[in-house]
Amino acid sequence: MEKETLTPQQAQQIISTTRQTVGETICAFATQPGGAIGIVRVSGQQAIEITDRIFHSRSGKKLTSAKGNTLHYGEIHDKTGNTIDDVLVSVFLSPHSYTGENSTEIACHGSAYILNQVVKALIDAGCRQALPGEYTQRAYLNGKMDLSQAEAVADLISASNRASHQVAMSQLKGHFSSELSLLREQLLKITSLLELELDFSDHEELEFADRSELKALAETIHERIAELRKSFETGNALKKGVPVAIVGKTNVGKSTLLNCLLHEEKAIVSDIHGTTRDVIEDTTEIHGITFRFIDTAGIRRTTDQVEQLGIERAYQKMDEAAIVLWVVDQQPTAEELAEMQHLTEGKKLIAIFNKMDNKTEKPQPADEVTPYIYISAKLKQNIDALETAIYEAADIPEINENSVIITSARHYEALTRADESILRVIDGMNMQLSGDLISEDLRICLDQLADITGGQITTHEVLGNIFQHFCIGK
(Lines give C-alpha, C1' and ligand atoms only; values in the text may rest on other atoms or scores of the structure.)
Protein backbone atom coordinates (compact mmCIF):
# COMPACT_ATOMS: atom_id res chain seq x y z
CA MET A 1 0.00 0.00 0.00
CA GLU A 2 1.39 3.40 -0.96
CA LYS A 3 2.12 5.97 1.70
CA GLU A 4 -0.50 8.72 1.88
CA THR A 5 1.06 12.13 1.30
CA LEU A 6 -0.50 15.12 3.01
CA THR A 7 -0.94 18.55 1.55
CA PRO A 8 1.03 21.32 3.32
CA GLN A 9 -2.27 22.52 4.84
CA GLN A 10 -3.05 19.06 6.26
CA ALA A 11 0.47 18.69 7.62
CA GLN A 12 0.26 22.09 9.27
CA GLN A 13 -3.09 21.18 10.81
CA ILE A 14 -1.59 18.05 12.40
CA ILE A 15 1.30 20.09 13.83
CA SER A 16 -1.09 22.81 15.05
CA THR A 17 -3.41 20.30 16.77
CA THR A 18 -0.45 18.62 18.45
CA ARG A 19 1.00 21.93 19.61
CA GLN A 20 -2.33 22.91 21.21
CA THR A 21 -1.96 19.98 23.61
CA VAL A 22 1.68 20.95 24.17
CA GLY A 23 0.45 24.18 25.77
CA GLU A 24 -1.17 22.15 28.55
CA THR A 25 0.77 21.05 31.63
CA ILE A 26 0.97 17.28 31.99
CA CYS A 27 1.90 14.85 34.75
CA ALA A 28 2.49 11.09 35.04
CA PHE A 29 4.52 8.43 36.82
CA ALA A 30 8.12 8.37 35.61
CA THR A 31 8.75 5.12 37.51
CA GLN A 32 6.68 2.01 38.14
CA PRO A 33 4.92 1.85 41.52
CA GLY A 34 6.27 -0.59 44.10
CA GLY A 35 9.89 0.48 44.46
CA ALA A 36 11.54 2.24 47.37
CA ILE A 37 11.41 5.56 45.50
CA GLY A 38 8.85 6.74 42.95
CA ILE A 39 9.03 9.75 40.65
CA VAL A 40 6.21 11.83 39.18
CA ARG A 41 7.15 14.01 36.23
CA VAL A 42 5.44 17.35 35.45
CA SER A 43 6.00 19.30 32.21
CA GLY A 44 4.53 22.39 30.61
CA GLN A 45 4.38 26.17 30.83
CA GLN A 46 2.75 26.04 34.28
CA ALA A 47 4.71 23.04 35.62
CA ILE A 48 6.55 24.95 38.34
CA GLU A 49 3.54 27.06 39.37
CA ILE A 50 1.22 24.02 39.62
CA THR A 51 3.79 22.00 41.57
CA ASP A 52 4.20 24.99 43.89
CA ARG A 53 0.47 24.87 44.70
CA ILE A 54 0.79 21.44 46.34
CA PHE A 55 4.42 21.64 47.57
CA HIS A 56 5.38 23.12 50.92
CA SER A 57 9.12 23.63 51.19
CA ARG A 58 10.81 23.18 54.56
CA SER A 59 12.81 26.32 53.76
CA GLY A 60 9.64 28.31 53.13
CA LYS A 61 10.84 29.35 49.66
CA LYS A 62 8.67 29.11 46.58
CA LEU A 63 9.60 26.90 43.61
CA THR A 64 8.69 29.78 41.29
CA SER A 65 11.77 31.64 42.56
CA ALA A 66 14.04 28.58 42.34
CA LYS A 67 16.96 28.33 39.93
CA GLY A 68 17.10 25.60 37.32
CA ASN A 69 18.66 22.22 38.12
CA THR A 70 18.05 22.59 41.85
CA LEU A 71 16.63 20.19 44.43
CA HIS A 72 14.10 21.14 47.16
CA TYR A 73 12.91 19.24 50.25
CA GLY A 74 9.39 19.51 51.62
CA GLU A 75 5.90 18.00 51.70
CA ILE A 76 3.18 17.39 49.14
CA HIS A 77 -0.32 18.27 50.36
CA ASP A 78 -3.67 17.32 48.86
CA LYS A 79 -6.40 19.89 48.16
CA THR A 80 -7.70 19.64 51.74
CA GLY A 81 -4.26 20.37 53.16
CA ASN A 82 -3.42 16.86 54.33
CA THR A 83 0.18 15.72 53.93
CA ILE A 84 0.65 13.00 51.31
CA ASP A 85 4.40 12.44 51.68
CA ASP A 86 7.81 13.97 52.33
CA VAL A 87 9.39 14.59 48.92
CA LEU A 88 12.30 16.01 46.98
CA VAL A 89 11.37 18.23 44.02
CA SER A 90 13.80 18.81 41.12
CA VAL A 91 13.28 22.00 39.13
CA PHE A 92 14.24 22.32 35.43
CA LEU A 93 13.80 25.57 33.52
CA SER A 94 13.11 25.72 29.77
CA PRO A 95 14.90 24.88 27.53
CA HIS A 96 17.20 22.85 29.80
CA SER A 97 14.93 19.88 30.44
CA TYR A 98 14.05 16.59 28.75
CA THR A 99 11.01 18.10 27.01
CA GLY A 100 12.51 21.56 26.52
CA GLU A 101 9.73 22.97 28.73
CA ASN A 102 9.60 24.02 32.37
CA SER A 103 9.55 20.75 34.31
CA THR A 104 9.57 19.33 37.82
CA GLU A 105 10.19 15.82 39.09
CA ILE A 106 8.69 14.84 42.44
CA ALA A 107 10.58 12.02 44.20
CA CYS A 108 8.46 10.36 46.88
CA HIS A 109 8.06 6.90 48.42
CA GLY A 110 7.24 4.38 45.72
CA SER A 111 3.94 2.88 46.90
CA ALA A 112 1.15 2.87 44.33
CA TYR A 113 -1.13 4.70 46.77
CA ILE A 114 1.31 7.60 47.35
CA LEU A 115 2.15 7.99 43.66
CA ASN A 116 -1.53 8.03 42.72
CA GLN A 117 -2.29 10.59 45.42
CA VAL A 118 0.50 12.86 44.17
CA VAL A 119 -0.82 12.65 40.59
CA LYS A 120 -4.38 13.30 41.84
CA ALA A 121 -3.17 16.38 43.74
CA LEU A 122 -1.43 17.69 40.60
CA ILE A 123 -4.57 17.14 38.48
CA ASP A 124 -6.67 18.93 41.12
CA ALA A 125 -4.16 21.81 40.93
CA GLY A 126 -4.44 22.15 37.14
CA CYS A 127 -2.43 19.38 35.44
CA ARG A 128 -3.62 16.85 32.88
CA GLN A 129 -2.68 13.15 32.83
CA ALA A 130 0.03 12.64 30.17
CA LEU A 131 -0.66 10.42 27.15
CA PRO A 132 1.68 7.55 26.19
CA GLY A 133 4.91 8.98 24.81
CA GLU A 134 3.80 12.58 25.27
CA TYR A 135 6.98 13.69 27.06
CA THR A 136 9.18 12.38 24.25
CA GLN A 137 6.78 13.78 21.66
CA ARG A 138 7.16 17.23 23.24
CA ALA A 139 10.94 16.81 23.26
CA TYR A 140 10.75 16.14 19.51
CA LEU A 141 8.42 19.07 18.80
CA ASN A 142 10.63 21.39 20.87
CA GLY A 143 13.73 20.40 18.91
CA LYS A 144 15.42 18.46 21.74
CA MET A 145 15.77 15.41 19.47
CA ASP A 146 14.79 14.31 15.99
CA LEU A 147 12.26 11.58 15.27
CA SER A 148 14.77 8.74 14.95
CA GLN A 149 16.24 9.68 18.33
CA ALA A 150 12.74 9.77 19.83
CA GLU A 151 12.13 6.22 18.59
CA ALA A 152 15.45 5.19 20.14
CA VAL A 153 14.04 6.13 23.55
CA ALA A 154 11.42 3.37 23.21
CA ASP A 155 14.10 0.92 22.03
CA LEU A 156 16.28 1.84 25.00
CA ILE A 157 13.44 1.18 27.45
CA SER A 158 12.69 -2.22 25.89
CA ALA A 159 16.35 -3.27 25.39
CA SER A 160 16.70 -6.85 26.63
CA ASN A 161 20.42 -7.42 26.06
CA ARG A 162 23.74 -5.60 25.85
CA ALA A 163 23.78 -5.40 22.05
CA SER A 164 20.27 -3.94 21.67
CA HIS A 165 21.06 -1.46 24.47
CA GLN A 166 24.19 -0.26 22.64
CA VAL A 167 22.35 0.07 19.32
CA ALA A 168 19.62 2.14 20.99
CA MET A 169 22.23 4.32 22.71
CA SER A 170 23.99 4.90 19.39
CA GLN A 171 20.74 6.04 17.77
CA LEU A 172 19.80 8.18 20.78
CA LYS A 173 23.19 9.92 20.61
CA GLY A 174 22.44 10.84 17.01
CA HIS A 175 24.91 8.62 15.12
CA PHE A 176 22.19 7.43 12.70
CA SER A 177 20.95 11.02 12.29
CA SER A 178 24.51 12.12 11.47
CA GLU A 179 24.76 9.42 8.78
CA LEU A 180 21.52 10.62 7.22
CA SER A 181 22.62 14.25 7.45
CA LEU A 182 25.81 13.44 5.54
CA LEU A 183 23.84 11.58 2.86
CA ARG A 184 21.44 14.51 2.51
CA GLU A 185 24.32 16.99 2.17
CA GLN A 186 25.76 14.89 -0.66
CA LEU A 187 22.35 14.66 -2.34
CA LEU A 188 21.83 18.41 -2.01
CA LYS A 189 25.17 19.00 -3.72
CA ILE A 190 24.01 16.97 -6.75
CA THR A 191 20.57 18.61 -6.75
CA SER A 192 21.86 22.16 -6.51
CA LEU A 193 24.32 21.71 -9.37
CA LEU A 194 21.71 20.13 -11.64
CA GLU A 195 19.13 22.80 -10.84
CA LEU A 196 21.71 25.53 -11.44
CA GLU A 197 22.15 24.13 -14.94
CA LEU A 198 18.38 24.30 -15.46
CA ASP A 199 18.39 27.98 -14.46
CA PHE A 200 20.93 28.66 -17.24
CA SER A 201 19.46 26.23 -19.77
CA ASP A 202 19.52 28.96 -22.44
CA HIS A 203 23.32 28.92 -22.31
CA GLU A 204 24.14 25.45 -23.62
CA GLU A 205 27.86 26.13 -23.42
CA LEU A 206 27.67 26.35 -19.59
CA GLU A 207 28.01 23.13 -17.57
CA PHE A 208 28.07 23.38 -13.80
CA ALA A 209 27.89 19.66 -13.08
CA ASP A 210 30.47 17.06 -14.11
CA ARG A 211 28.13 14.12 -14.80
CA SER A 212 30.80 11.47 -14.20
CA GLU A 213 31.64 13.02 -10.82
CA LEU A 214 27.96 13.26 -9.87
CA LYS A 215 27.35 9.67 -10.93
CA ALA A 216 30.23 8.47 -8.75
CA LEU A 217 28.79 10.43 -5.81
CA ALA A 218 25.32 8.94 -6.43
CA GLU A 219 26.83 5.44 -6.50
CA THR A 220 28.59 6.12 -3.18
CA ILE A 221 25.26 7.22 -1.69
CA HIS A 222 23.57 4.07 -3.02
CA GLU A 223 26.26 1.87 -1.49
CA ARG A 224 25.87 3.46 1.95
CA ILE A 225 22.07 3.26 1.87
CA ALA A 226 22.37 -0.40 0.82
CA GLU A 227 24.66 -1.05 3.82
CA LEU A 228 22.18 0.58 6.17
CA ARG A 229 19.32 -1.47 4.70
CA LYS A 230 21.32 -4.68 5.08
CA SER A 231 21.94 -3.90 8.75
CA PHE A 232 18.18 -4.21 9.36
CA GLU A 233 18.54 -8.00 9.34
CA THR A 234 21.00 -7.73 12.23
CA GLY A 235 18.89 -5.08 13.97
CA ASN A 236 15.77 -7.21 13.74
CA ALA A 237 17.62 -10.18 15.22
CA LEU A 238 18.94 -8.04 18.09
CA LYS A 239 15.45 -6.73 18.82
CA LYS A 240 13.45 -9.97 18.58
CA GLY A 241 16.14 -12.59 19.23
CA VAL A 242 17.93 -14.85 16.75
CA PRO A 243 15.55 -17.79 16.02
CA VAL A 244 17.16 -21.20 16.69
CA ALA A 245 15.22 -24.43 16.00
CA ILE A 246 16.13 -27.62 17.86
CA VAL A 247 15.25 -30.60 15.66
CA GLY A 248 15.89 -34.34 15.56
CA LYS A 249 14.25 -37.72 16.07
CA THR A 250 12.19 -38.53 19.14
CA ASN A 251 13.96 -39.17 22.45
CA VAL A 252 17.39 -37.83 21.37
CA GLY A 253 17.41 -35.23 24.16
CA LYS A 254 16.03 -32.08 22.46
CA SER A 255 13.92 -31.02 25.44
CA THR A 256 16.78 -31.72 27.86
CA LEU A 257 19.02 -29.57 25.70
CA LEU A 258 16.44 -26.76 25.63
CA ASN A 259 16.23 -26.80 29.44
CA CYS A 260 20.00 -26.78 29.59
CA LEU A 261 20.34 -23.76 27.28
CA LEU A 262 17.57 -21.84 29.06
CA HIS A 263 18.90 -22.76 32.52
CA GLU A 264 15.41 -23.76 33.65
CA GLU A 265 12.99 -26.69 33.38
CA LYS A 266 10.89 -25.31 30.52
CA ALA A 267 10.11 -28.53 28.65
CA ILE A 268 8.84 -31.88 29.93
CA VAL A 269 11.55 -34.55 29.72
CA SER A 270 10.57 -38.21 29.39
CA ASP A 271 11.91 -41.49 28.00
CA ILE A 272 8.59 -41.99 26.22
CA HIS A 273 8.82 -41.30 22.48
CA GLY A 274 6.73 -38.39 21.19
CA THR A 275 6.44 -36.52 24.52
CA THR A 276 6.88 -33.12 22.85
CA ARG A 277 3.92 -32.66 20.54
CA ASP A 278 3.89 -28.90 20.16
CA VAL A 279 6.42 -26.12 19.74
CA ILE A 280 8.01 -24.72 22.93
CA GLU A 281 9.76 -21.34 22.67
CA ASP A 282 11.77 -19.19 25.07
CA THR A 283 14.70 -16.79 24.95
CA THR A 284 18.06 -16.57 26.65
CA GLU A 285 21.16 -14.42 26.27
CA ILE A 286 24.50 -15.72 24.97
CA HIS A 287 27.48 -13.34 24.92
CA GLY A 288 25.16 -10.32 25.04
CA ILE A 289 22.87 -11.48 22.20
CA THR A 290 19.30 -12.75 22.67
CA PHE A 291 18.53 -16.12 21.09
CA ARG A 292 15.01 -17.48 20.70
CA PHE A 293 15.17 -21.25 21.09
CA ILE A 294 12.39 -23.39 19.65
CA ASP A 295 12.02 -27.02 20.81
CA THR A 296 10.10 -29.03 18.22
CA ALA A 297 8.33 -32.36 18.14
CA GLY A 298 10.53 -35.38 17.37
CA ILE A 299 10.57 -36.17 13.66
CA ARG A 300 9.38 -39.71 12.93
CA ARG A 301 6.62 -41.58 11.13
CA THR A 302 3.47 -41.78 13.25
CA THR A 303 -0.26 -42.41 12.93
CA ASP A 304 -1.05 -40.16 15.92
CA GLN A 305 -2.80 -37.12 14.43
CA VAL A 306 -1.82 -34.76 17.28
CA GLU A 307 1.84 -35.79 17.11
CA GLN A 308 1.77 -35.46 13.32
CA LEU A 309 0.58 -31.84 13.67
CA GLY A 310 3.55 -31.23 15.96
CA ILE A 311 5.93 -32.71 13.40
CA GLU A 312 4.48 -30.48 10.67
CA ARG A 313 5.10 -27.47 12.91
CA ALA A 314 8.66 -28.69 13.48
CA TYR A 315 9.32 -28.43 9.73
CA GLN A 316 7.67 -24.99 9.68
CA LYS A 317 9.84 -23.70 12.54
CA MET A 318 12.94 -25.16 10.89
CA ASP A 319 12.08 -23.10 7.82
CA GLU A 320 11.66 -19.90 9.91
CA ALA A 321 14.87 -20.35 11.93
CA ALA A 322 18.21 -18.71 11.16
CA ILE A 323 20.11 -21.49 12.96
CA VAL A 324 19.16 -25.17 13.21
CA LEU A 325 20.47 -27.44 15.97
CA TRP A 326 20.25 -31.03 14.69
CA VAL A 327 20.40 -33.35 17.69
CA VAL A 328 21.34 -37.02 17.24
CA ASP A 329 22.31 -39.76 19.70
CA GLN A 330 23.54 -42.33 17.19
CA GLN A 331 25.32 -42.26 13.85
CA PRO A 332 22.93 -40.94 11.17
CA THR A 333 22.99 -42.47 7.71
CA ALA A 334 24.41 -40.59 4.74
CA GLU A 335 20.83 -40.23 3.46
CA GLU A 336 19.66 -38.67 6.75
CA LEU A 337 22.57 -36.21 6.70
CA ALA A 338 21.90 -35.27 3.06
CA GLU A 339 18.19 -34.71 3.82
CA MET A 340 18.99 -32.46 6.80
CA GLN A 341 21.49 -30.45 4.76
CA HIS A 342 18.84 -30.04 2.07
CA LEU A 343 16.16 -28.95 4.57
CA THR A 344 18.51 -26.36 6.11
CA GLU A 345 19.96 -24.98 2.89
CA GLY A 346 20.75 -21.30 3.32
CA LYS A 347 20.74 -21.60 7.14
CA LYS A 348 23.43 -22.31 9.71
CA LEU A 349 23.32 -26.02 10.62
CA ILE A 350 24.95 -27.19 13.85
CA ALA A 351 25.06 -30.97 14.30
CA ILE A 352 25.03 -32.08 17.95
CA PHE A 353 25.90 -35.58 19.13
CA ASN A 354 24.13 -35.92 22.48
CA LYS A 355 24.34 -38.51 25.30
CA MET A 356 28.11 -38.71 25.12
CA ASP A 357 28.05 -39.86 28.76
CA ASN A 358 26.82 -43.21 27.38
CA LYS A 359 29.48 -43.48 24.65
CA THR A 360 32.94 -45.04 25.03
CA GLU A 361 34.34 -43.25 21.98
CA LYS A 362 33.40 -40.33 19.78
CA PRO A 363 31.38 -41.26 16.67
CA GLN A 364 32.86 -39.97 13.44
CA PRO A 365 30.96 -37.32 11.45
CA ALA A 366 29.46 -38.47 8.16
CA ASP A 367 31.38 -35.73 6.30
CA GLU A 368 33.64 -32.71 6.92
CA VAL A 369 30.92 -30.22 6.00
CA THR A 370 28.86 -30.94 9.14
CA PRO A 371 31.18 -31.73 12.08
CA TYR A 372 29.63 -32.73 15.40
CA ILE A 373 29.67 -30.88 18.71
CA TYR A 374 29.77 -33.65 21.32
CA ILE A 375 27.73 -32.98 24.46
CA SER A 376 25.80 -34.53 27.29
CA ALA A 377 22.73 -32.38 27.88
CA LYS A 378 21.84 -34.53 30.88
CA LEU A 379 25.18 -33.82 32.61
CA LYS A 380 25.55 -30.35 31.02
CA GLN A 381 28.88 -31.34 29.48
CA ASN A 382 30.46 -29.18 26.73
CA ILE A 383 27.50 -26.77 26.70
CA ASP A 384 29.90 -23.80 26.73
CA ALA A 385 31.37 -24.96 23.41
CA LEU A 386 27.87 -25.34 21.98
CA GLU A 387 26.87 -21.84 23.10
CA THR A 388 30.01 -20.41 21.48
CA ALA A 389 29.17 -22.24 18.24
CA ILE A 390 25.61 -20.84 18.32
CA TYR A 391 26.90 -17.30 18.92
CA GLU A 392 29.41 -17.59 16.05
CA ALA A 393 26.73 -19.02 13.74
CA ALA A 394 24.57 -15.94 14.34
CA ASP A 395 27.37 -13.90 12.71
CA ILE A 396 26.44 -10.71 14.59
CA PRO A 397 29.03 -7.96 13.99
CA GLU A 398 30.80 -6.36 16.92
CA ILE A 399 28.36 -3.88 18.44
CA ASN A 400 29.30 -0.71 20.31
CA GLU A 401 27.71 2.68 21.00
CA ASN A 402 29.06 4.04 17.71
CA SER A 403 27.47 1.28 15.60
CA VAL A 404 24.77 2.37 13.17
CA ILE A 405 22.29 -0.48 12.80
CA ILE A 406 18.69 -0.18 11.61
CA THR A 407 16.11 -1.70 13.96
CA SER A 408 12.93 0.04 12.80
CA ALA A 409 10.76 -1.26 9.94
CA ARG A 410 9.75 2.36 9.26
CA HIS A 411 13.37 3.34 8.74
CA TYR A 412 13.99 0.29 6.55
CA GLU A 413 11.01 1.11 4.31
CA ALA A 414 12.10 4.75 3.94
CA LEU A 415 15.66 3.67 3.10
CA THR A 416 14.31 1.18 0.55
CA ARG A 417 12.32 3.91 -1.20
CA ALA A 418 15.34 6.25 -1.03
CA ASP A 419 17.54 3.55 -2.57
CA GLU A 420 15.06 2.99 -5.40
CA SER A 421 15.15 6.72 -6.12
CA ILE A 422 18.95 7.01 -6.14
CA LEU A 423 19.16 3.97 -8.44
CA ARG A 424 16.82 5.77 -10.85
CA VAL A 425 19.16 8.77 -10.64
CA ILE A 426 22.12 6.57 -11.60
CA ASP A 427 20.14 5.00 -14.45
CA GLY A 428 19.09 8.48 -15.61
CA MET A 429 22.70 9.62 -15.73
CA ASN A 430 23.68 6.50 -17.66
CA MET A 431 20.91 7.27 -20.18
CA GLN A 432 21.91 10.97 -20.22
CA LEU A 433 18.41 12.11 -19.23
CA SER A 434 17.75 15.80 -18.73
CA GLY A 435 18.57 17.40 -15.39
CA ASP A 436 14.91 18.13 -14.52
CA LEU A 437 14.00 14.40 -14.67
CA ILE A 438 17.01 13.40 -12.57
CA SER A 439 16.32 16.21 -10.08
CA GLU A 440 12.83 14.85 -9.43
CA ASP A 441 14.21 11.49 -8.27
CA LEU A 442 16.83 13.29 -6.18
CA ARG A 443 14.08 15.24 -4.41
CA ILE A 444 12.19 12.01 -3.72
CA CYS A 445 15.34 10.49 -2.20
CA LEU A 446 15.87 13.59 -0.05
CA ASP A 447 12.24 13.46 1.15
CA GLN A 448 12.52 9.77 2.15
CA LEU A 449 15.65 10.41 4.22
CA ALA A 450 13.98 13.45 5.81
CA ASP A 451 11.00 11.26 6.77
CA ILE A 452 13.22 9.18 9.04
CA THR A 453 14.32 12.08 11.23
CA GLY A 454 11.01 13.93 11.00
CA GLY A 455 12.31 16.72 8.81
CA GLN A 456 8.84 16.82 7.29
CA ILE A 457 5.47 15.26 8.14
CA THR A 458 4.12 13.25 5.22
CA THR A 459 1.71 10.75 6.79
CA HIS A 460 -0.84 10.58 9.59
CA GLU A 461 1.27 7.79 11.12
CA VAL A 462 4.43 9.76 11.88
CA LEU A 463 3.38 11.40 15.15
CA GLY A 464 0.51 9.07 16.03
CA ASN A 465 1.75 5.54 15.54
CA ILE A 466 5.26 6.17 16.80
CA PHE A 467 4.44 7.71 20.17
CA GLN A 468 1.34 5.64 21.00
CA HIS A 469 3.60 2.62 21.63
CA PHE A 470 5.53 4.41 24.38
CA CYS A 471 4.76 3.89 28.03
CA ILE A 472 2.96 6.64 29.95
CA GLY A 473 5.54 8.83 31.70
CA LYS A 474 7.99 8.74 28.79
Side-chain angles (χ1 to χ4, degrees), residues 25-44 46-139 144-145 150 152-162 164-165 168-169 172 467 469-474:
T25 300
I26 56 174
C27 64
F29 301 164
T31 58
Q32 287 295 320
I37 301 296
I39 295 176
V40 175
R41 177 179 283 168
V42 187
S43 184
Q46 299 296 311
I48 298 171
E49 289 83 348
I50 290 175
T51 305
D52 220 6
R53 291 170 194 166
I54 66 170
F55 176 69
H56 294 262
S57 172
R58 288 293 174 88
S59 68
K61 294 180 179 179
K62 290 287 188 180
L63 294 178
T64 48
S65 61
K67 294 181 179 179
N69 303 318
T70 55
L71 199 61
H72 306 269
Y73 175 60
E75 295 178 349
I76 292 291
H77 292 182
D78 63 19
K79 64 181 180 181
T80 60
N82 294 320
T83 301
I84 296 173
D85 197 10
D86 285 355
V87 301
L88 287 171
V89 177
S90 305
V91 175
F92 305 96
L93 299 181
S94 173
H96 305 295
S97 70
Y98 178 75
T99 60
E101 304 171 324
N102 286 344
S103 299
T104 62
E105 290 183 358
I106 303 170
C108 57
H109 291 94
S111 82
Y113 174 77
I114 291 174
L115 284 165
N116 277 301
Q117 288 301 305
V118 172
V119 168
K120 184 176 183 299
L122 285 165
I123 291 172
D124 288 340
C127 274
R128 168 175 66 76
Q129 175 77 45
L131 300 172
E134 191 168 2
Y135 291 99
T136 306
Q137 184 177 6
R138 289 185 177 205
K144 300 295 288 186
M145 60 180 72
V153 173
D155 286 346
L156 193 61
I157 293 169
S158 62
S160 59
N161 56 59
R162 174 173 51 82
S164 59
H165 170 263
M169 282 301 299
L172 184 60
F467 292 106
H469 301 298
F470 280 62
C471 57
I472 292 175
K474 199 62 182 178

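- Closest of all the heavy-atom pairs between Tyr135 and Ala130 is CE1-CB, 3.7 Å.
- Across every non-hydrogen atom of Thr25 and Gln46, the tightest pair is OG1-N, 3.2 Å.
- Put simply, NE2 on His72 and NZ on Lys67 are 10.5 Å apart, with the number rounded to the nearest 0.5 Å.
- Nearest heavy-atom pair, Ala152 versus Leu172, reported as atom, atom and distance to 0.1 Å: CB-N, 3.6 Å.
- Side-chain atoms of Asp78 come within 3.5 Å of backbone atoms of Thr80 as a donor-acceptor pair (strictly under, hydrogens ignored).
- Between Ser103 and Ile48, the shortest heavy-atom distance links the atoms O-CG1, 4.5 Å.
- Side-chain atoms of His165 and Leu156, non-hydrogen and from C-beta on, do get closer than 4.5 Å to each other.
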_Working for side-chain contact (heavy atoms from CB on, under 4.5 Å), residues Ile54 and His77_ = CA-CA 5 Å; Ile54 66 170; His77 292 182; 5.7 Å; no
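- Lys144 has its side chain out of reach of Arg138: every pair of non-hydrogen atoms, C-beta onward, lies at least 4.5 Å apart.
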_CA sep, side-chain torsions, deciding dist, call: Asn102, Ser97, side-chain contact (heavy atoms from CB on, under 4.5 Å)_ = CA-CA 7 Å; Asn102 286 344; Ser97 70; over 6 Å; no
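- Remark: His109 NE2 is loosely packed, at most 12 non-hydrogen atoms of other residues, nucleotides or ligands lying under 6.0 Å away.
- Taking CD1 of Ile106 as the reference point, atom CD1 of Ile39 lies at 10.5 Å (rounded to 0.5 Å).
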*Derivation and outcome, side-chain hydrogen bond (donor to acceptor under 3.5 Å, both in side chains), residues Ser94 and Glu101*: CA-CA 4 Å; Ser94 173; Glu101 304 171 324; over 6 Å; no
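- Note: Ile123 CD1 to Arg128 CZ = 10.0 Å, rounded to the nearest 0.5 Å.
- Of all heavy-atom pairs between Leu122 and Val40, the closest is CD1-CG1, 3.7 Å.
- Looking only at side-chain heavy atoms (C-beta outward), Leu93 and Val91 come within less than 4.5 Å of each other.
- Considering only heavy atoms from C-beta on, Arg58 comes within 4.5 Å of Asp86 through its side chain.
- Here the side chains of Phe92 and Thr104 are not in contact, with every heavy-atom distance at 4.5 Å or above.
- In this structure, Thr64 OG1 and Glu49 CD are separated by 6.5 Å, a value rounded to the nearest 0.5 Å.
- The heavy-atom pair separating Thr51 from Ala47 by the smallest distance is OG1-O, 2.7 Å.
- No side-chain heavy atom of Cys108 sits under 4.5 Å from any side-chain heavy atom of Ile76.
- Tyr73 OH: more than 12 foreign heavy atoms inside a 6.0 Å radius.
- The structure places CD of Gln129 at 8.5 Å from CG of Leu131, a figure rounded to the nearest 0.5 Å.
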*Met145 and Val153: side-chain contact (heavy atoms from CB on, under 4.5 Å), yes or no, with the steps?*
CA-CA 10 Å; Met145 60 180 72; Val153 173; 4.3 Å; yes
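- Ser59 places a side-chain N or O within donor-acceptor distance of the main-chain N or O of Lys61, the cut-off being under 3.5 Å.
- A cation-pi arrangement is found for Arg41 relative to Tyr98, the charged atom lying closer than 6.0 Å to the ring centre and inside a 45° cone about the ring normal.
- Atom-to-atom distance recorded for Cys127:SG and Ile26:CD1 is 8.5 Å, nearest 0.5 angstrom.
- Within the 4.5 Å cutoff, the side chain of Asp155 has no heavy atoms near those of the Ile157 side chain.
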*Arg53 vs Asp124, salt bridge (Lys or Arg N to Asp or Glu O under 4.0 Å): CA-CA, chis, key distance, verdict*: CA-CA 10 Å; Arg53 291 170 194 166; Asp124 288 340; over 6 Å; no
